[in-house]
Amino acid sequence: MPYLWSFVCDLDDSKTTFAVKFRLVRAYAYPSFTNREDIRSWECILHDENGDRIEATVPKFLITKFEDQMEEGSIYGIKNFKVVHNSKKYKVIANKYMIILTEDTRIHELFVQGFLMKRFCFKSFEEVQLNENLYNGSVFDIIGVLVHSGEVQERTKNGEQKKLIELTLEDTE
């Protein structure tokens with residue numbers, strides 16, 4: 001029986017049965033706060049046929065089940081997952097919902113002609129300069145020419161040494 005595909009904009013936490021076609025934009029291991037070697041979860045950035053994005057989490061105990069089934073850039077049909085409010089303080093995606101893969105989640109690769117490829121979420125220099133509230137906890141991409149780089153600064157946070165550098169970009173247009 002063919003699926004009735006939903007879109008990211010259709011997802012909410014009041015329903016439990018969805019089947020969505022997604023492109024896996026990015027997948028990365030999310031380490032524990034106390035031990036960077038201990039992987040807490042596997043995080044994914046997905047987008048649907050309209051380019052709408054959502055964040056997905058694969059809990060630690062399911063990483064081995066799913067990490068070999070998915071490759072960045074490929075398209076998948078996913079069903080039987082949980083939709084929850086995205087209550088993360090720092091969101092990768094500005095979507096009020098996120099999905100969590102469960103033991104019942106089923107994933108299969110799809111070969112769809114014309115499926116959108118939206119790997120970046122660009123903002124213009126004008127948007128960044130004019131909008132004081134641009135940063136809403138999610139990340140975005142910007143392109144510019146590097147015109148200055150500051151000195152490397154070392155900071156300690158939670159007992160971990162970090163190196164930071166301030167970069168100045170100039171608009172190319």
Side-chain angles (χ1 to χ4, degrees), residues 3-112 114-124 127-128 131-143 157-158 160 162:
Y3 297 117
L4 181 57
W5 298 107
S6 299
F7 295 99
V8 167
C9 63
D10 300 327
L11 302 180
D12 66 51
D13 59 353
S14 68
K15 302 178 208 159
T16 57
T17 55
F18 292 104
V20 184
K21 287 188 259 186
F22 286 118
R23 181 180 299 277
L24 176 60
V25 175
R26 179 89 168 96
Y28 55 94
Y30 189 75
S32 164
F33 293 112
T34 55
N35 179 359
R36 310 252 339 134
E37 302 299 318
D38 181 30
I39 303 304
R40 188 171 138 189
S41 64
W42 198 47
E43 301 296 314
C44 303
I45 299 171
L46 310 167
H47 77 67
D48 66 12
E49 290 180 282
N50 297 327
D52 293 330
R53 291 177 172 224
I54 193 162
E55 193 172 346
T57 296
V58 179
K60 181 178 183 170
F61 72 99
L62 292 173
I63 291 174
T64 56
K65 177 179 178 180
F66 291 113
E67 70 181 338
D68 292 335
Q69 290 186 41
M70 297 169 56
E71 183 178 325
E72 288 182 8
S74 295
I75 302 165
Y76 299 95
I78 304 177
K79 66 177 187 170
N80 302 335
F81 52 86
K82 193 174 359 175
V83 178
V84 298
H85 269 75
N86 188 350
S87 58
K88 292 181 177 180
K89 183 176 180 181
Y90 299 106
K91 297 172 178 61
V92 176
I93 304 299
N95 190 317
K96 70 179 181 177
Y97 296 110
M98 62 182 289
I99 67 173
I100 298 176
L101 278 60
T102 68
E103 291 174 327
D104 295 329
T105 299
R106 300 291 172 252
I107 298 174
H108 59 277
E109 189 169 8
L110 300 173
F111 301 95
V112 181
F115 196 99
L116 186 66
M117 170 74 92
K118 188 176 178 187
R119 297 192 54 90
F120 301 99
C121 185
F122 288 111
K123 299 280 185 207
S124 69
E127 284 178 276
V128 173
N131 192 343
E132 294 174 6
N133 300 318
L134 179 68
Y135 184 74
N136 59 5
S138 63
V139 296
F140 57 87
D141 302 296
I142 191 163
I143 295 178
K157 185 174 181 179
N158 300 330
E160 188 175 341
K162 300 277 185 180

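Position 1 is the first residue of the sequence; numbering continues from there. Not measured: the values here are computed from a predicted model.
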- Within the side chain of S41, is there an N or O that forms a donor-acceptor pair under 3.5 Å with the backbone of K60? no
- Write down the atom of K65, the atom of T102, and the distance for their closest heavy-atom approach. NZ-O, 4.5 Å
- Task: To the nearest 0.5 angstrom, please state how far the CD1 atom of I54 sits from the SG atom of C9.
- Result: 10.5 Å
- Output yes when a side-chain donor or acceptor of K21 lies under 3.5 Å from a complementary backbone atom of E49, and no otherwise. no
- Apply the test side-chain contact (heavy atoms from CB on, under 4.5 Å) to residues F7 and D52: give CA-CA distance (whole Å), side-chain angles for both, the deciding distance (0.1 Å), then the verdict. CA-CA 8 Å; F7 295 99; D52 293 330; 5.7 Å; no
- Query: So, S14 and D12: side-chain donor and acceptor under 3.5 Å apart, yes or no?
  - Reply: yes
- Query: Would Y97 and H85 count as a close aromatic pair, with their ring centres under 6.0 Å?
  - Reply: yes
- At what distance, to the nearest 0.5 angstrom, does SG of C44 lie from CD of E72? 8.5 Å
- Message: So which atom in D10 and which in F18 form the shortest heavy-atom distance, rounded to 0.1 Å?
- Response: O-CE2, 3.7 Å
- Note on the structure: So CE of M98 and CD of E43: to nearest 0.5 Å the spacing works out to 5.5 Å
- Are more than 12 heavy atoms from other residues, nucleotides or ligands located less than 6.0 Å from atom NZ of K96? no
- Kindly indicate, with the supporting measurements, whether the criterion side-chain contact (heavy atoms from CB on, under 4.5 Å) is fulfilled by T57 and I99. CA-CA 6 Å; T57 296; I99 67 173; over 6 Å; no
- Message: Give me the atom names and distance for the closest heavy-atom approach of I107 to F66.
- Response: CD1-CD2, 3.4 Å
- Tightest non-hydrogen contact, residues F115 and D48, listed as CZ-C, 3.6 Å
- N95 side chain to E55 backbone, donor-acceptor under 3.5 Å: no
- Separation between CZ (F22) and CE (M70), nearest 0.5 Å, reads 9.5 Å
- Heavy-atom check, side chain of I93 versus side chain of I45, under 4.5 Å: yes
- Message: Closer than 3.5 angstrom, by distance alone: can the side chain of R23 be matched with the main-chain N or O of I75 as a donor-acceptor pair?
- Response: no
- Item | Heavy-atom closest contact (V84 atom, D13 atom, distance) | CA-CB, 4.4 Å
- Looking only at non-hydrogen atoms, find the nearest pair between Y76 and E71 and report the distance. OH-N, 2.7 Å
- Just say parallel, tilted or perpendicular for the rings of W5 and H108, cut-offs at 30° and 60°. tilted
- Message: Is there a side-chain contact (heavy atoms from CB on, under 4.5 Å) between E103 and L62? Walk through the geometry before answering.
- Response: CA-CA 7 Å; E103 291 174 327; L62 292 173; 3.8 Å; yes
